[in-house]
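In what follows, chains are A, B, ... by sequence order, proteins preceding strands, each numbered from 1. The figures here come from the full heavy-atom set of this structure, side chains too, leaving out hydrogens, waters and symmetry mates.
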Number of protein chains: 2
Amino acid sequence: MIFEKLQDINEPDLLELLQAFQAIMKKETFSKRQLLHEEGTVCDYLFLIQTGIARSFYYKDGKEITAHFAVENTSITAIDSFVQRKKSRYNIEVLEDSEVISISHQDLYTLLEEKPQYEKYVRMFLEQIYVDLAERIEDLLFHTAKERYDKIIENTPDLLQRVQLKHIASFIGITQETLSRIRTQV
Amino acid sequence: MIFEKLQDINEPDLLELLQAFQAIMKKETFSKRQLLHEEGTVCDYLFLIQTGIARSFYYKDGKEITAHFAVENTSITAIDSFVQRKKSRYNIEVLEDSEVISISHQDLYTLLEEKPQYEKYVRMFLEQIYVDLAERIEDLLFHTAKERYDKIIENTPDLLQRVQLKHIASFIGITQETLSRIRTQV
DNA sequence: TTTATTATTTGACAATTGTCAAGTGGATTT
DNA sequence: AAATCCACTTGACAATTGTCAAATAATAAA
């Protein structure tokens, strides 16, 4: 989350910080299968999932590949598009009816212009998601499909009940059939 | 590079910024095969390659896997370790005699404490390397080994002359033998 | 409950890539 | 120039995973 590490901030400043960010957060409800962002467009929002679950995905050879799942209290966006203001190859959809907070690029960067003292928290947020992404790469490179699957079950046990197997399969880089076979041979 | 996008800063401020960062940059010369960072330790430095070339790599099943190449005017570090202050699984070595600028974690974060107006530039740096990393993931997922190889040749034509084939092979996620076969069947 | 729809599993086979061993060619050393 | 070393290539075969089609299971709709 964007406000993960706030240990080194005093209370009045924290309150001001939270209020400033709350002012640019808009809460919306999306219903299952609704798109938060569509490929080919510039992604103008950073989404924070309050309830529900979302995924980002792209098409490869006509097939959907899931790049990221975002459960409660995690964020999702097409960040290359969000940061660089260029068209995205990703779609983002909610997989359940979800409550989502969106922060617009415009609002966030205007806030940073006005209150440069908040740069630090965005920097910390970026550090966090960078590390997460680096872990994902490590995971893809270091571990077998079976190991990646087991790790998902361990970290997010309810994911299996909440999303389709094909999404998990494409997320860990294999076909649904192969994942199905891996699951039975335990 | 860390100072890539400085269009929106006036001259006196830019000068001060550059001087502040120069004060914490230490230039060193490393000879071919020398390690900038060793696995199992916390990575205390962000390295900027001035001349030469470096790579980060880790061991999988006893074999070296190259995670990243850094040519002139690009940066390299074990960033998850650098940011989170935890032991790294990566090694970093120079593949040629190289001039390297190092910025210590301590110095950088002390500078940010003292001059929070520089947070913005570190934030921009993180945005940049995040996008680079996201592109690398996309590349691994979207493209075949052959396509990834062709892209490297296109983006960094001299890489082939400068580093061993096995490093490029492990970087694009295949064995050296497979890469060798891919290269001949053009 | 029955039907329809969607999700998951299984089978047979093809394609891709890895493994290990051997060979080639170029550069360096003595 | 011969010997040595190292990077790269090639061959034969095994292992893994993908593809496509069909079957089964699970869920939603009538």
K.L.:
Can you measure from CD1 (A:Ile129) to CD (B:Glu127) and round to the nearest 0.5 angstrom?
P.N.:
9.0 Å

K.L.:
Does A:Gln50 have more than 12 heavy atoms from other residues, nucleotides or ligands lying within 6.0 Å of its CD?
P.N.:
yes

K.L.:
Would you say A:Glu28's side chain and A:Ser102's backbone share a donor-acceptor pair under 3.5 angstrom?
P.N.:
no

K.L.:
Could you list all N or O pairs between the protein and nucleotides 20-27 of chain C that sit under 3.5 Å apart?
P.N.:
from, atom 1, to, atom 2, distance (Å)
C:dC20, N4, B:Glu177, OE2, 3.3

K.L.:
To the nearest 0.5 Å, how far apart are OG in A:Ser104 and CZ in A:Phe82?
P.N.:
7.5 Å

K.L.:
Is a side-chain donor-acceptor pair under 3.5 Å present for B:Tyr118 with B:Glu16?
P.N.:
yes

K.L.:
Which residues satisfy the side chain to side chain contact (heavy atoms under 4.5 Å, CB included) test with A:Ile24, sequence neighbours excluded?
P.N.:
A:Phe21, A:Ile103, A:Asp107, A:Leu108, A:Leu111

K.L.:
Test of understanding: with salt bridge (charged side-chain N to carboxylate O under 4.0 Å, His left out), list the residues that count as partners of B:Lys151, not counting sequence neighbours.
P.N.:
B:Asp139

K.L.:
Does NZ in A:Lys86 sit with more than 12 non-hydrogen atoms of other residues, nucleotides or ligands closer than 6.0 Å?
P.N.:
yes

K.L.:
Going 5' to 3' along DNA chain D, between which two nucleotides do contacts with chain B fall, using a heavy-atom cut-off of 4.0 Å?
P.N.:
D:dA7 to D:dA12

K.L.:
What are the atom names and distances for every N/O pair under 3.5 Å that joins the protein to nucleotides 4-7 of chain C?
P.N.:
from, atom 1, to, atom 2, distance (Å)
C:dA7, OP1, A:Gln164, OE1, 3.4
C:dA7, OP1, A:Gln164, NE2, 2.3

K.L.:
Has B:Gln106 got more than 12 heavy atoms of other residues, nucleotides or ligands less than 6.0 Å from its CD?
P.N.:
no

K.L.:
Side-chain donor-acceptor contacts of residues 38-45 of chain B below 3.5 Å, not counting sequence neighbours, with atom names and distances?
P.N.:
from, atom 1, to, atom 2, distance (Å)
B:Glu39, OE2, B:Asn91, ND2, 3.1
B:Thr41, OG1, B:Glu38, O, 2.6
B:Asp44, OD1, B:Arg85, NH2, 2.4

